[in-house]
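Below: one structure, written as structure tokens.
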2 protein chains.
Amino acid sequence: MFSKTAEYALRATIYIAQKSSEDNKLGIEEIAKSIDAPRSFTAKILQLLTKDNEVISSVRGPNGGFYITEKAKGLSIRTILETIKEDDVFTKCVLGLKACSEAQPCPMHFQYKPIKQQLIRLFETKTIRDLAKELKTGERFLANFRPRKKTRVTK
Amino acid sequence: MFSKTAEYALRATIYIAQKSSEDNKLGIEEIAKSIDAPRSFTAKILQLLTKDNEVISSVRGPNGGFYITEKAKGLSIRTILETIKEDDVFTKCVLGLKACSEAQPCPMHFQYKPIKQQLIRLFETKTIRDLAKELKTGERFLANFRPRKKTRVTK
DNA sequence: ATAAATAAAGACAATTTTATCTTTATTTAT
DNA sequence: ATAAATAAAGATAAAATTGTCTTTATTTAT
């Protein structure tokens, strides 16, 4: 569904939102490791998202790193995808027809329409904060490996 | 959502299903033109789909070309995508997490799940024949340009 | 002021996807 | 049998995506 770029962008953003704050910034090393993505590539993607500090904020130097403001946490997941220009799913025809429209629908158009609308609704409704919150409960995961079995506490 | 390969595969298959029969085969030239796809690339993709004549059938030589058997027209749209290995949408995690599962869900998992299921249902339910039929009514389009305005019949 | 730590920027490289071109094999019609 | 028409196969190339490395700019702590 999404490109690697989009996947890493989403994972990184959610991770940063969960773990960071203005006075607890995260380094690229930690971020990349935590979301199981290539370090330098992730850095490049974050550069896109830090343009004008719109989605992600960053500062350089010691104790620098990435974080997300409370305000930015209110942005929708779709916004992340729009920022990196990966929002084709929401706008394009399933069959890739430029001319596909309500007036000149492709054979999938009307059947796909309600699904697409749900997709849009989901990605527009869900905020960065929402996803970060879910993650915090420990019932959702970003790490790409099996969790260690809960060590049973023996008396 | 889909790669160019998948888009062309779907368009070509639907087109062939609508226009061809065992004794009216279509040449690659016509197919590519009709679905607005690069000729040689489309040929390559059709090669994948004609493997074992499973989805699309072909014969070489004069009056040769591509067609789809009545039996194959009963195949689902998902089958086309599976044949060319473009069915990630139906199987992979939205965030690209290999470890994502019911037991270790990503933050999007449960919200995305019903949408994914509808997607699967749509692509598994719809057959090649269904889409070809819709196309035949003239109320659906594959061509990627605006239709000429209906010439008004004057007395 | 200097050194250290960090992200940003830029150049490059590898891989995958998309696309084209040429040659070969097959089939049909003559 | 031969020529013509077609798809199949293979080789190559262009473009896009994914990934890495090096240098630069910025910030902080000393």
Side-chain angles (χ1 to χ4, degrees), chain A residues 1-13 15-16 20 22-33 35-68 81 83-88 96, chain B residues 1-13 15-16 20 22-33 35-68 81 83-88 96:
Chain A
M1 167 119 85
F2 293 120
S3 66
K4 291 287 174 198
T5 298
E7 288 174 358
Y8 298 155
L10 291 170
R11 277 146 62 180
T13 304
Y15 180 78
I16 296 169
S20 81
E22 185 143 6
D23 41 46
N24 179 29
K25 309 190 194 73
L26 306 181
I28 186 61
E29 191 71 52
E30 177 190 347
I31 296 167
K33 232 170 227 161
I35 66 171
D36 193 24
R39 184 204 146 112
S40 293
F41 192 35
T42 305
K44 278 292 174 212
I45 295 167
L46 291 189
Q47 276 181 35
L48 300 174
L49 291 166
T50 46
K51 272 285 161 60
D52 310 313
N53 285 1
E54 244 181 61
V55 178
I56 295 177
S57 305
S58 71
V59 309
R60 309 198 236 195
N63 303 316
F66 300 90
Y67 67 99
I68 301 189
L81 296 171
T83 303
I84 60 173
K85 275 158 201 150
E86 290 274 355
D87 57 336
D88 285 9
Chain B
M1 167 120 85
F2 293 121
S3 66
K4 291 287 174 197
T5 298
E7 289 174 359
Y8 297 156
L10 292 170
R11 277 147 62 179
T13 303
Y15 181 78
I16 295 169
S20 80
E22 185 144 3
D23 42 46
N24 179 29
K25 310 188 193 73
L26 305 181
I28 186 62
E29 190 73 50
E30 175 189 347
I31 295 167
K33 233 171 228 160
I35 65 170
D36 193 24
R39 184 202 145 114
S40 294
F41 191 36
T42 305
K44 278 293 174 213
I45 295 167
L46 291 189
Q47 276 181 35
L48 300 174
L49 291 166
T50 47
K51 273 284 161 60
D52 311 313
N53 284 2
E54 243 180 62
V55 179
I56 295 178
S57 305
S58 72
V59 309
R60 308 197 237 195
N63 304 316
F66 300 89
Y67 67 99
I68 301 189
L81 296 172
T83 303
I84 60 174
K85 274 156 202 150
E86 290 275 355
D87 57 337
D88 285 7

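All chains are named by letter (A, B, ...) in the order of the sequence lines, taking the proteins before the strands, and each is independently numbered beginning at 1.
- For the pair A:Asp36 CG and D:dG19 C1', the computed distance is 14 Å after rounding to whole Å.
- Closest heavy-atom contact between B:Ala6 and B:Leu81: CB-CD2, 3.9 Å.
- Per the geometry, CZ belonging to A:Phe41 stands 18 Å off P belonging to C:dG10, to the nearest Å.
- Across all strands shown, B:Leu26 has heavy atoms under 4.0 Å from sugar-phosphate atoms exclusively, and none from any base.
- Side chain to side chain, A:Thr5 and A:Glu86 fail the donor-acceptor criterion of an N or O pair below 3.5 Å.
- Counting any heavy atom pair closer than 4.0 Å across all strands shown, A:Ser58 reaches sugar-phosphate atoms only and no base atom.
- Distances shorter than 4.0 Å separate none of the side-chain N or O atoms of B:Thr50 from OP1 or OP2 on D:dA7.
- Set against D:dA9, D:dT20, C:dA8, the side chain of A:Phe66 has C:dA8 as its closest nucleotide.
- Closest approach to the A:Asn63 side chain among D:dT18, D:dT26, D:dA29 is made by D:dA29 (side chain taken as heavy atoms from C-beta onward).
- Atom pair A:Lys85:NZ and D:dT17:P shows a separation of 12 Å (rounding to whole Å applied).
- The closest side-chain heavy-atom distance from A:Arg11 to A:Thr42 is not below 4.5 Å.
- The residue A:Lys44 sits close to a base: some heavy atom pair falls under 4.0 Å.
- Atom CG in B:Leu48 sits about 12 Å away from atom C1' in D:dA9, given to the nearest Å.
- To the nearest 0.5 Å, atom CD1 of residue B:Ile31 and atom CG of residue B:Leu26 are 5.0 Å apart.
- Nucleotide D:dT28 forms a Watson-Crick or G-U wobble pair with C:dA3, both donor-acceptor distances falling under 3.5 Å.
- You'll find that the side chain of B:Pro38 is closest to C:dA19, out of C:dA19, D:dA4, C:dT18.
- Atom CD in B:Glu86 sits about 14 Å away from atom P in C:dT16, given to the nearest Å.
- In this structure, the side chains of A:Tyr67 and A:Asn24 stay at 4.5 Å or more apart for every pair of heavy atoms.
- In this model, a side-chain donor or acceptor of A:Gln47 finds a partner on the base of C:dA9 within 3.5 Å.
- Between the CG atom of B:Asn24 and the P atom of D:dT6 there is a distance of 13 Å, given to the nearest Å.
- Put simply, CD1 on A:Ile45 is 8 Å from P on D:dG19, counting in whole angstrom units.
- C:dA11: Watson-Crick or G-U partner is D:dT20, with both key distances under 3.5 Å.
- For B:Arg60, the listed nucleotide lying nearest its side chain is D:dA7; candidates were D:dA7, C:dT18, C:dT6.
- When the P atom of C:dA7 is taken as reference, atom NZ of A:Lys51 falls 17 Å away, rounded to whole Å.
- Note on B:Ile28: only backbone sugar-phosphate atoms sit closer than 4.0 angstrom, heavy atoms only; bases stay farther off.
- At D:dT18, none of the side-chain N or O atoms of A:Tyr8 fall inside 4.0 Å of OP1 or OP2 (strictly under the cut-off).
- B:Thr83 and B:Glu54 form no side-chain donor-acceptor contact under 3.5 Å, judged by distance and modelled atom types alone.
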